[in-house]
Q: 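This is the structure, below, for whatever I ask next.
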Amino acid sequence: MGDDHDAMMVIRAELCERLESLQRYARPLTIVDFAGSLVSIRQLAAAYGLIPVVRLAEALERAVAEAGEGGCPTALYLDRLRDAIGCERRDEQAGEAMLASVSVRLGN
């Protein structure tokens, strides 16, 4: 159990680094580069069963694609992604709850 926990801590740290990098460089990135960074986060999270991270990354990818540059409140999604990375629950219901919190904040 200790090894699994340690491995998950390493994965969460890597996801946090990728998210911080995305946040730091989000403004100068093109939509394509931003989406590519999100795909990287989503794929790593999916490989380790971090469903809330996967669902939020998917939702942000869709929102950016639909709204175009500057039309999506990326900061809200990115904040929730950080929460999802640290969330101990890794199930679909936790992902749905986090998506719902974004939806509430957006007024949808």
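Note: hydrogens, waters and symmetry copies are ignored here, and every other heavy atom, side chains too, is used.
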Q: Just by modelled atom types, is the Met98 backbone N or O under 3.5 Å from a matching donor or acceptor in the Ser101 side chain?
A: yes
Q: OG/Ser103 to CG/Leu76 distance, rounded to the nearest 0.5 angstrom?
A: 10.0 Å
Q: Determine yes or no for a side-chain-to-main-chain donor-acceptor pair under 3.5 angstrom, with Arg55 supplying the side chain and Gly95 the backbone.
A: no
Q: Nearest 0.5 Å, what's the CE-CD distance between Met8 and Glu88?
A: 9.0 Å
Q: Please list, one pair per line, the donor and acceptor atoms closer than 3.5 Å that link side chains of residues 38-48 to other protein atoms, with sequence neighbours excluded.
A:
unit_1, atom_1, unit_2, atom_2, d
Ser40, OG, Arg18, NH1, 2.6
Arg42, NE, Glu61, OE2, 2.7

Q: Hey, what do you get for CG (Asp83) to CZ (Arg80), rounding to the nearest 0.5 Å?
A: 4.5 Å
Q: In Å, rounded to the nearest 0.5 Å, how long is the span from CZ of Arg12 to CE of Met9?
A: 8.0 Å
Q: Honestly curious: do Val54 and Phe34 fall in one hydrophobic cluster under the side-chain, below-4.5 Å linking rule?
A: no
Q: Using a strict 4.0 Å threshold on nitrogen-to-oxygen distance, state whether Asp79 and Arg82 make a salt bridge.
A: no
Q: Minimum heavy-atom separation for Glu92 and Ile51, please, with both atom names.
A: OE1-CG2, 3.5 Å
Q: Would you compute the distance between atom CG of Leu99 and atom CG of Leu56 and round it to the nearest 0.5 angstrom?
A: 5.0 Å
Q: Provide the closest heavy-atom pair for Leu81 versus Ala57 in the form atom of the first, atom of the second, distance.
A: CD2-N, 4.0 Å
Q: With hydrophobic residues grouped by side-chain heavy-atom distances under 4.5 Å, do Leu60 and Val102 end up in a single group?
A: yes
Q: Rounded to the nearest 0.5 Å, what separation is found between the CG atom of Leu22 and the CG atom of Asp33?
A: 10.5 Å
